[in-house]
K.L.:
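Before I ask anything, here is the structure I am working with.
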Amino acid sequence: MQKIKNKKLRFLILFPLDILLTLLGILYYKFFKKNHNIFYQSMVRLFCITGGKSNKYINLLTSNKDKLNIEQNNIHNDKIENIVKKIHDNGYFVYDDFLSSDECDDILSFCINSELNIRPNDLKNWSDKIEKTYFNQDNVKAVMYEMPKNKVLFKKNLSDIIFNSEILLICEKYFNGKPIFDHSSLSISTSYSDKPDKKAAQLFHFDLDRPKWLKFLIYVSDVDNHNGPHAFVEGTHKDKGINSYILANGYDRTPDEIVSKYYKDKIKNFIKKKGTLIIEDTRGLHKGTVLKSGFRCLLNIQFNSSNYGTKIEKQEIKAEYVDNKIYSQNKYTYQNLIIK
Ligand SMILES: [Fe+2]
């Protein structure tokens, strides 16, 4: 308790300096198109002390208010508006059958037939050289297996999703401006450990790499109570949505007991079949539940309203999988891609 009070006091003392640093950071970003960790740390402290309100102003000053250049074809405005309204109200929207069962099986076999990076568990030193191995359900060696970042978009039906008009329009509406593709990851979580793993995001936390963003989480395998349903605390994506006691602890993981104490009826566990897309504003509290058995394959795609925040790490995509029409008319949106 005393430790948390001290942290809050530190945030308060640094508040004027953090405003100044953030203004400098925004100028640095605008002139040099770069980020620096000093400015990012200020953004995090301001978020914690203002209950998230500071992000609104940083977003206003760093985002692009123009419209995308895409054809809506048969996508109805009402549908996009309804989805975005639900994300505004609750922090998430569940889109059933976004991918077909066959598409999911194809992505899963791509995952199983590729060498993956393994995340051992909290007990091992994560700064050690990343190990690579194949996923074998009968001989599990880690809490999480991840597709190397630059291989994810070397699969056609995965790269297609980042050019999906519906996803782009949802982002445009939610950000009230042009979205920017941030990254895409593909992973398999396992029941290797029965304790929540911090780095595999199995404890409640909020994301905070940018001022505003949306995550598109797609279940590639069926998810029930046993194989790690994604969990989200409804409403915590709003300003002052996260309890000030939790925020006073800074940008850290929060134990289940504390989240249950403040948000007993608001915790949503997404038990859904493969192909389900969960669109989520992950500035709200969320986690992947610890697996009791089996495995969970998840595709994670993020779009931001701006590149301000942490260092940008671009992602490679195979040239033949780029949707040339959408790409050529929306280069701003795909500035974080390297075409190979
Ligand atoms: Fe997260």
K.L.:
I'd like to know if the side chain of T276 pairs up with that of K274 as donor and acceptor (distance under 3.5 Å, no hydrogens or angles considered).
P.N.:
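Result is no, nothing qualifies.
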K.L.:
Does N330 use its side chain to pair, donor to acceptor, with the backbone of Y327 at less than 3.5 Å?
P.N.:
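Absent.
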K.L.:
Check whether the side chains of H230 and H286 place a donor and an acceptor atom closer than 3.5 Å, and report yes or no.
P.N.:
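No, no side-chain donor-acceptor pair sits under 3.5 Å.
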K.L.:
Look up atom OG in S54 and atom CG in N59, then write down how far apart they are to the nearest 0.5 Å.
P.N.:
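With rounding to 0.5 Å, OG (S54) is 11.0 Å from CG (N59).
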K.L.:
Which is it for K178 and E172 under the salt bridge (Lys or Arg N to Asp or Glu O under 4.0 Å) test, yes or no, and what are the steps along the way?
P.N.:
CA-CA 5 Å; K178 274 188 183 176; E172 180 189 65; over 6 Å; no
K.L.:
Consider only side-chain heavy atoms of I, L, V, M, F, W and Y, link residues closer than 4.5 Å, and tell whether I80 and I162 are in one cluster.
P.N.:
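Result: yes, single cluster for both.
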K.L.:
Look only at the side chain of Y262 and the backbone of I242, and say whether a donor-acceptor pair between them is shorter than 3.5 Å.
P.N.:
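Not confirmed, Y262 side chain does not pair with I242 backbone.
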K.L.:
Does K8 use its side chain to pair, donor to acceptor, with the backbone of S244 at less than 3.5 Å?
P.N.:
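The answer is no, because no donor-acceptor pair under 3.5 Å joins these two groups.
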K.L.:
Please report the interatomic distance CD(E313) to CG(N150), rounded to the nearest 0.5 Å.
P.N.:
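So the gap between those two atoms works out to 9.5 Å.
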K.L.:
Fit a plane to each ring of Y92 and F232, take the angle between them on a 0 to 90° scale, and name the class: parallel (under 30°), tilted (30 to 60°) or perpendicular (over 60°).
P.N.:
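Rings of Y92 and F232: perpendicular, as their planes differ by over 60°.
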K.L.:
Take Y174 and D281 through the side-chain hydrogen bond (donor to acceptor under 3.5 Å, both in side chains) test and state the conclusion after the steps.
P.N.:
CA-CA 10 Å; Y174 193 67; D281 184 342; 2.6 Å; yes
K.L.:
Supply the atom-to-atom distance Q329 CD to D323 CG, rounded to the nearest 0.5 angstrom.
P.N.:
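The CD atom of Q329 sits 9.5 Å away from the CG atom of D323.
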K.L.:
Is it true that, when you exclude K67 itself, more than 12 heavy atoms of the residues, nucleotides or ligands shown sit nearer than 6.0 Å to its NZ?
P.N.:
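Open.
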K.L.:
Counting only heavy atoms not in F270 (residues, nucleotides, ligands), do more than 12 fall under 6.0 Å from its CZ?
P.N.:
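Counting other residues, nucleotides and ligands, CZ of F270 exceeds 12 neighbours.
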K.L.:
Between K156 and E320, is the closest basic N to carboxylate O distance under 4.0 Å?
P.N.:
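No salt bridge links E320 with K156.
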K.L.:
Under the criterion side-chain hydrogen bond (donor to acceptor under 3.5 Å, both in side chains), I'd like the reasoning laid out for N249 against K7: C-alpha separation, chi angles, the key distance, then a yes or no.
P.N.:
CA-CA 7 Å; N249 196 33; K7 271 193 184 178; 3.2 Å; yes
K.L.:
For W213 and T282, test the side chains for any donor-to-acceptor distance below 3.5 angstrom and give the result as yes or no.
P.N.:
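Present: a donor and an acceptor within the cut-off.
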K.L.:
Is the F98 to F216 ring centre distance short of 6.0 Å?
P.N.:
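Ring centroids of F98 and F216 are no less than 6.0 Å from each other.
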K.L.:
Report the residue from I118, L291, T190 that forms a side chain to side chain contact (heavy atoms under 4.5 Å, CB included) with V140.
P.N.:
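That would be T190; it is the only one of I118, L291, T190 passing the side chain to side chain contact (heavy atoms under 4.5 Å, CB included) with V140.
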K.L.:
Drop me the distance from H205's NE2 to R283's CZ, to the nearest 0.5 angstrom.
P.N.:
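If we round to the nearest 0.5 Å, H205:NE2 and R283:CZ are 14.5 Å apart.
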K.L.:
Above 12 or not: heavy atoms from other molecules or residues under 6.0 Å from NZ of K132?
P.N.:
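Yes, because the 6.0 Å sphere around NZ of K132 holds more than 12 heavy atoms from other groups.
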K.L.:
Classify the side-chain pair T62/S306 by whether it contains a donor and acceptor separated by less than 3.5 Å.
P.N.:
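Looking only at side-chain atoms, S306 and T62 do form a donor-acceptor pair, the distance falling under 3.5 Å.
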K.L.:
For N304 and D182, does a side-chain donor sit closer than 3.5 Å to a side-chain acceptor?
P.N.:
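Looking only at side-chain atoms, D182 and N304 do form a donor-acceptor pair, the distance falling under 3.5 Å.
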K.L.:
Have E103 and S100 got a donor and an acceptor in their side chains that come within less than 3.5 Å?
P.N.:
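Distance-only check passes for E103 and S100.
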K.L.:
Sub-3.5 Å donor-acceptor pair from the side chain of N336 to the main-chain atoms of F181, do we have one?
P.N.:
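Yes: the side chain of N336 pairs with the backbone of F181.
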K.L.:
With a 6.0 Å cut-off (strictly less than), is the heavy-atom count around NZ of K155, excluding the residue itself, greater than 12?
P.N.:
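Counting other residues, nucleotides and ligands, NZ of K155 exceeds 12 neighbours.
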K.L.:
Any donor-acceptor pair under 3.5 Å linking the side-chain atoms of Y134 with those of N113?
P.N.:
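No, no side-chain donor-acceptor pair sits under 3.5 Å.
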K.L.:
Knowing that exactly one of F303, Y321, Y334 qualifies, which makes a ring pair (Phe, Tyr, Trp, His ring centres under 6.0 Å) with F163?
P.N.:
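Result for ring pair (Phe, Tyr, Trp, His ring centres under 6.0 Å) with F163: Y334.
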K.L.:
Report yes or no: does Q202 contribute a side-chain atom to a donor-acceptor pair with the main-chain N or O of D197 at less than 3.5 Å?
P.N.:
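Yes, Q202 side chain to D197 backbone: donor-acceptor pair under 3.5 Å.
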K.L.:
For the pair T333 (side chain) and P179 (backbone), establish whether a donor and an acceptor sit closer than 3.5 Å, ignoring hydrogens and angles.
P.N.:
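Confirmed, T333 side chain pairs with P179 backbone.
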K.L.:
Y95 and E166: side-chain hydrogen bond (donor to acceptor under 3.5 Å, both in side chains), yes or no, with the steps?
P.N.:
CA-CA 11 Å; Y95 193 128; E166 228 172 326; 2.9 Å; yes
K.L.:
Given the rule that I, L, V, M, F, W and Y join up when any side-chain heavy atoms are under 4.5 Å apart, are Y308 and Y57 in one cluster?
P.N.:
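Hydrophobic grouping puts Y308 apart from Y57.
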K.L.:
Nearest 0.5 Å please: distance from the CD1 atom of I13 over to the CG atom of L9.
P.N.:
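The distance works out to 4.0 Å.
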K.L.:
Can you confirm whether K311 is buried at NZ, in the sense that more than 12 heavy atoms of other residues, nucleotides or ligands lie under 6.0 Å from that atom?
P.N.:
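Count not over threshold, so no.
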K.L.:
Among D96, D224, D97, whose salt bridge (charged side-chain N to carboxylate O under 4.0 Å, His left out) with K273 holds?
P.N.:
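Looking at D96, D224, D97, the match for K273 under the salt bridge (charged side-chain N to carboxylate O under 4.0 Å, His left out) is D97.
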K.L.:
Are K215 and E280 close enough, and set up right, to give a salt bridge (Lys or Arg N to Asp or Glu O under 4.0 Å), and what steps lead you there?
P.N.:
CA-CA 5 Å; K215 280 226 157 119; E280 199 170 281; over 6 Å; no
K.L.:
Please list, one pair per line, the donor and acceptor atoms closer than 3.5 Å that link side chains of residues 32-39 to other protein atoms, with sequence neighbours excluded.
P.N.:
unit_1: K33; atom_1: NZ; unit_2: K30; atom_2: O; d: 3.4
unit_1: N35; atom_1: OD1; unit_2: G309; atom_2: N; d: 3.2
unit_1: N35; atom_1: ND2; unit_2: N307; atom_2: O; d: 2.8
unit_1: N35; atom_1: ND2; unit_2: T310; atom_2: O; d: 2.9
unit_1: H36; atom_1: ND1; unit_2: I38; atom_2: N; d: 3.1
unit_1: N37; atom_1: OD1; unit_2: Q41; atom_2: NE2; d: 3.1

K.L.:
May I ask you to check whether over 12 heavy atoms, not counting those of K266, lie within 6.0 Å of atom NZ?
P.N.:
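Open: at most 12 neighbouring heavy atoms sit under 6.0 Å from NZ of K266.
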K.L.:
Should we say atom NZ of K149 is surrounded by more than 12 heavy atoms from elsewhere, each under 6.0 Å from it?
P.N.:
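More than 12 within 6.0 Å, yes.
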